[in-house]
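Every chain is numbered from 1 and lettered A, B, ... according to where its sequence line falls, protein lines coming before strand lines.
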There are 2 protein chains.
Amino acid sequence: MLQNRKSYNIVLVEDHSIFIEGLLSVLKKIENAKVLGAFVSGEEALAFLQTQNADIVFLDISLPGGKSGIEICNEISRLHRKTKVIALSNHTERETISEMLNNGASGYLLKNASVNDLENAIEQVMQGQCVMSEEIRNILFSPQAPAPRAPRLTAREKEILYWIGEGLTTTAIANKLFISVQTVESHRYNLLQKFDVPNAVVLVKKAIELGMMKEVGKGR
Amino acid sequence: MLQNRKSYNIVLVEDHSIFIEGLLSVLKKIENAKVLGAFVSGEEALAFLQTQNADIVFLDISLPGGKSGIEICNEISRLHRKTKVIALSNHTERETISEMLNNGASGYLLKNASVNDLENAIEQVMQGQCVMSEEIRNILFSPQAPAPRAPRLTAREKEILYWIGEGLTTTAIANKLFISVQTVESHRYNLLQKFDVPNAVVLVKKAIELGMMKEVGKGR
DNA sequence: TTTTTTCTAAGGGTTTTCCATGAGAAGAAA
DNA sequence: TTTCTTCTCATGGAAAACCCTTAGAAAAAA
């Protein structure tokens, strides 16, 4: 193969120095892999990429400093179209994985990947394919968890919901938001309808399960 | 120092092969460290330790196979008194950390440890001291999360609480439990008192936070 | 066997929530 | 501009929750 002639330029972004050592050591064994640099933060890697072109970036998701791997991934693939990003992480949440792929990653490997996995990944990604660990594939393509779909709430409803969760009565909420009691009751009623629940207790419980009770509506 | 003459025999237990590579590479740089073997599962390591003595075992917590790092740690320190175990993990939950230490670990390092950290850890542990990453120390010795102490509930109260959480009305609960509505109301009232909350919404919310809503009271 | 806790139940009143529907105004989207 | 969505407010009645105290019986603990 022609491509085997030239070696691929690789950049590592990873905050665990021991793991970097491992990657270096492993990549050394892969003949057409050449590591240009290893960086602890995404910002450093971005700066480096402005000076040199890389073919592949192995990118961790949990990074120190302001930007997460997801943001870094987005920037790399925006600014350096030819550079392929392969996520290298232990995160197995469906959400995280698709975030990463949606932000331009060409692959997603778990950190327990073998040398072979790495080698294959490099090869495939350079051929324009998308690679991911078996486990990741399973997570991504397994039958969606039976859609615990959250109702779409309006801004006001989120606010009301929040205060209900704080234990305020309808009257108290009305006073706090400077609107009439009837209005709050309307929102309350609509919330119960949207969530299809019989009362505020189950409403809040369900909202918590759906992760919708996190400081919603405080500001306005 | 005398101790520098002989090298420490080290065993690695870790299921991420790349990380093992990193460890090997890093430990190679530490003069008096000698790696006897690296194992993917705890069972393998235990078997190995029956044939050879190790001074130090670097032990991951999440391991494939039946036994967790915590169990392995326990067995190693029970069966091989002279062998020191250093946990090498990314888990930062107070619970996990103290579990590990209670089961005989002499140290707890995070996986983002540097070469220096490793070197120091080896040295200190061999001198009979206990080592841990700065972050771990902080977690362990930081002021206990102000004890979100859960009220002690009676069996009946747990049951009532559960059904409130399921959205049943007082009457419905009374019917379900074959007791009078007044009784249920009493329990309800007492629950609000014990939790010091104004209504059932906050009651359930707080109970969820305290982990008290898990299949409570279903059986009786 | 006392003492304590828990479960049971009641009274009687106040407050809050829930139901269901209608409807005007303002802003955003088509 | 027209349509859609959201926010607003209202009515009026039914149901449920909350308040607080008292109290007997049974079970558990001391």
Side-chain angles (χ1 to χ4, degrees), chain A residues 149-210 212-213 215-220, chain B residues 149-210 212-213 215-220:
Chain A
R149 55 202 159 75
R152 258 219 323 290
L153 303 186
T154 69
R156 206 46 151 176
E157 283 165 348
K158 286 180 196 170
E159 209 170 3
I160 306 279
L161 171 60
Y162 173 79
W163 289 117
I164 293 175
E166 289 301 299
L168 298 206
T169 67
T170 300
T171 312
I173 298 174
N175 290 335
K176 182 164 288 273
L177 301 183
F178 305 106
I179 55 181
S180 99
V181 171
Q182 280 74 23
T183 303
V184 179
E185 273 199 29
S186 282
H187 289 307
R188 253 191 122 106
Y189 183 69
N190 291 332
L191 280 168
L192 295 186
Q193 297 297 311
K194 285 192 177 181
F195 277 85
D196 188 28
V197 291
N199 58 43
V201 170
V202 191
L203 170 68
V204 168
K205 194 178 148 204
K206 211 163 179 178
I208 291 175
E209 286 166 7
L210 294 169
M212 302 174 75
M213 290 302 289
E215 55 182 306
V216 198
K218 251 179 172 169
R220 212 244 167 154
Chain B
R149 57 201 160 76
R152 258 218 331 288
L153 304 186
T154 70
R156 205 48 150 176
E157 283 165 350
K158 285 180 195 170
E159 210 170 2
I160 306 278
L161 172 61
Y162 173 80
W163 289 116
I164 293 175
E166 289 301 300
L168 298 206
T169 68
T170 299
T171 312
I173 298 175
N175 290 334
K176 181 164 290 270
L177 303 182
F178 305 107
I179 55 181
S180 99
V181 171
Q182 279 74 21
T183 304
V184 179
E185 273 199 27
S186 283
H187 289 307
R188 259 192 118 108
Y189 182 68
N190 292 332
L191 281 168
L192 296 185
Q193 297 297 311
K194 284 192 178 181
F195 277 85
D196 188 30
V197 291
N199 57 44
V201 170
V202 190
L203 170 69
V204 168
K205 193 179 149 204
K206 211 163 178 177
I208 291 175
E209 286 167 6
L210 293 169
M212 303 174 73
M213 290 302 288
E215 57 183 305
V216 197
K218 251 180 172 170
R220 212 242 170 156

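Atom pair B:Phe178:CZ and C:dC7:P shows a separation of 18 Å (rounding to whole Å applied). The interatomic distance linking B:Ile160 (CD1) with C:dT8 (C1') rounds to 11 Å, in whole Å. Following rounding to the nearest Å, A:Leu177 (CG) and D:dC7 (C1') show an atom-to-atom distance of 12 Å. Rounded to whole Å, atom C1' of D:dT8 lies 13 Å from atom CD of A:Glu157. Between B:Ile179 atom CD1 and C:dA10 atom P there is a gap of 11 Å when expressed in whole angstrom units. Nucleotide D:dA25 holds its P atom 19 Å from the CZ atom of B:Arg156, rounded to whole Å.
In this structure, A:Thr154 reaches the D:dC7 phosphate: one of its side-chain N or O atoms is under 4.0 Å from OP1 or OP2. When the side-chain nitrogen and oxygen atoms of A:Thr183 are compared with OP1 and OP2 of D:dT8, none of them lie within a distance under 4.0 Å. Between C:dA10 and B:Gln182, a contact under 4.0 Å exists linking OP1 or OP2 to a side-chain N or O.
One distance of note links CE of A:Met213 with CD1 of A:Ile164; it measures 8.0 Å at 0.5 Å rounding. The structure places CG of A:Leu153 at 4.0 Å from CE of A:Met212, a figure rounded to the nearest 0.5 Å.
Judged as a side-chain hydrogen bond (donor to acceptor under 3.5 Å, both in side chains), and not counting sequence neighbours, A:Thr171 has no contacts.
For the pair A:Glu157/A:Lys194, a side-chain contact is recorded, criterion being any heavy-atom separation below 4.5 Å from C-beta on.
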Item to complete: Encode nucleotides 13-24 of chain C as B, S and - characters from 5' to 3', where the letter depends on protein heavy atoms closer than 4.0 Å: B to the base, S only to sugar-phosphate, - to neither.
Response: ---SBBBBB---
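Considering B:His187, B:Arg188, B:Glu185 as possible partners of B:Thr170, the one that fulfils the side-chain hydrogen bond (donor to acceptor under 3.5 Å, both in side chains) test is B:Arg188.
Using a cutoff of 4.0 Å between basic side-chain nitrogens and carboxylate oxygens, B:Glu159 and B:Arg156 are scored as salt-bridged.
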